[in-house]
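Encoded as structure tokens, the structure appears first; notes follow it.
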Amino acid sequence: MIQAKTLILHIGSWKTGTTSIQAFLSRNAERLRAEGILYPRSTRRSEAGLDTAHHRLRAVLDEADGRVTRGVAEVLDGIARELRQSRCETLLLSSETFMGFRRPETLARYFSADRVIVLASLRHQAEFLNAMYYTEVCHLKVIDQPMEYLSGFDRRKLNYLFTLDRWAKIWPNAEMRISLFDRDTPARAFPVQHFLGQIGLDWELAPEDNVV
């Protein structure tokens, strides 16, 4: 069991500035550590090198399907070692793939904290679908027609209430901080600044930090 005074879980969702936020957190990991917040490197490591988010944590735990495997032990040992060496009281984990956790309750099995904060930013489902399809076409070169793409889309990703309810049941005393990624909202206008405010940091940022 990994024990922290405060556990912050940034669970997404996709297409709400998460990549910008995670890239900023990665670049400023040492500055965060000076504030007593650990954004661990060990769970951001992938076969390709160092990622900006903790996607591997979710992948390893879901693959284990509730079992304590060697992969799970290695990941947890890495986080525990960093937390112990950093002497930080706050552990921050971020991955939009947490929204699709098959067994999110496994996190509660391995992580404990006096205070748990769950951060989520949600986008109108139609806009979310459009943005996901745009990414698939432009970056992953998917050539499905829109209705074909929609027919194969995992509709559970659109059920925000179901997803948030699962997290609330796992940590009933958690602070659920939900933002809307709508036009003219702080979460959309400047995702990084909004995120920092949610975790209690009032840093002065440069315009280049506002990349969405």
Side-chain angles (χ1 to χ4, degrees), residues 1-4 7-19 21-22 25 39-48 50-80 82-83 91-113 116-125 128-129 131-133 135-136 139-140 142 144 148-179 181:
M1 175 72 72
I2 296 173
Q3 179 71 43
L7 174 63
I8 302 175
L9 297 170
H10 178 217
I11 66 173
S13 173
W14 297 268
K15 302 304 173 186
T16 59
T18 52
T19 300
I21 292 168
Q22 292 153 359
L25 296 175
Y39 191 63
R41 292 172 58 91
S42 57
T43 53
R44 290 187 281 127
R45 289 203 173 277
S46 63
E47 294 180 1
L50 187 64
D51 201 348
T52 61
H54 300 105
H55 305 323
R56 182 168 175 261
L57 175 61
R58 181 259 182 169
V60 169
L61 292 182
D62 264 358
E63 184 179 348
D65 199 25
R67 295 173 289 114
V68 182
T69 64
R70 177 178 296 180
V72 170
E74 289 176 352
V75 164
L76 296 177
D77 286 346
I79 299 174
E82 285 192 65
L83 190 60
L91 176 63
L92 169 59
L93 301 172
S94 174
S95 173
E96 55 269 43
T97 67
F98 287 172
M99 288 286 282
F101 239 126
R102 185 166 65 247
R103 288 179 176 267
E105 64 274 10
T106 55
L107 279 179
R109 180 187 305 173
Y110 300 128
F111 295 88
S112 177
V116 178
I117 302 172
V118 179
L119 304 177
S121 186
L122 305 176
R123 190 170 184 172
H124 188 283
Q125 284 94 333
F128 169 69
L129 274 170
M132 292 288 281
Y133 180 65
T135 298
E136 294 280 329
H139 299 286
L140 302 181
V142 170
D144 290 342
E148 292 175 327
Y149 177 77
L150 180 60
S151 65
F153 191 81
D154 184 356
R155 304 293 180 93
R156 290 173 297 183
K157 293 179 180 179
L158 303 175
N159 193 339
Y160 300 149
L161 182 60
F162 170 76
T163 299
L164 296 174
D165 187 56
R166 292 174 74 198
W167 287 94
K169 287 178 178 177
I170 294 166
W171 275 292
N173 296 321
E175 300 171 34
M176 304 288 290
R177 300 181 181 177
I178 314 303
S179 303
F181 193 80

Quick check for you: to the nearest 0.5 Å, what is the distance between [X] atom [atom1] and [Y] atom [atom2]?
X      : Y      : atom1 : atom2 : value
Arg177 : Leu9   : CZ    : CG    : 12.0 Å
Leu119 : Ser179 : CG    : OG    : 7.5 Å
Trp171 : Arg166 : CH2   : CZ    : 12.0 Å
Arg44  : Ser94  : CZ    : OG    : 10.0 Å

Just wondering, do [Y] and [X] contact through their side chains at under 4.5 Å, heavy atoms?
X      : Y      : value
Phe101 : Ile11  : no
Leu122 : Thr16  : no
Leu107 : Leu57  : yes
Phe162 : Arg156 : no
Leu150 : Tyr133 : no
Arg103 : Leu61  : no
Leu158 : Leu129 : yes
Met132 : Thr135 : no

Practice task
Any chance you could lay out the side-chain contact (heavy atoms from CB on, under 4.5 Å) test for Tyr110 and Val72, step after step, and finish with the verdict?
Solution key: CA-CA 10 Å; Tyr110 300 128; Val72 170; 4.0 Å; yes
Shortest non-hydrogen contact between [X] and [Y], atoms and distance:
X      : Y      : value
Ser42  : Val75  : OG-O, 4.5 Å
Phe181 : Ser121 : CB-OG, 3.7 Å
Ala64  : Thr69  : CB-CG2, 3.8 Å
Pro40  : Leu93  : CG-CD2, 3.7 Å
Met99  : Thr163 : O-CG2, 3.6 Å
His54  : Leu92  : CE1-O, 3.6 Å

Exercise for the section: Please check if the distance between the ring centroids of His10 and Phe98 is under 6.0 Å. Expected result: no
Handout entry: Aromatic plane relationship, Trp14 with Phe128 - under 30° parallel, 30 to 60° tilted, over 60° perpendicular
Key = tilted
Problem - CD/Gln125: more than 12 non-hydrogen atoms of other groups inside 6.0 Å - result: yes
Exam field: side chain [X] to backbone [Y], donor-acceptor pair closer than 3.5 Å:
X      : Y     : result
Arg56  : Asp51 : no
Arg123 : Lys15 : yes
Tyr39  : Thr52 : yes
Arg41  : Glu82 : no
Glu96  : Thr18 : no

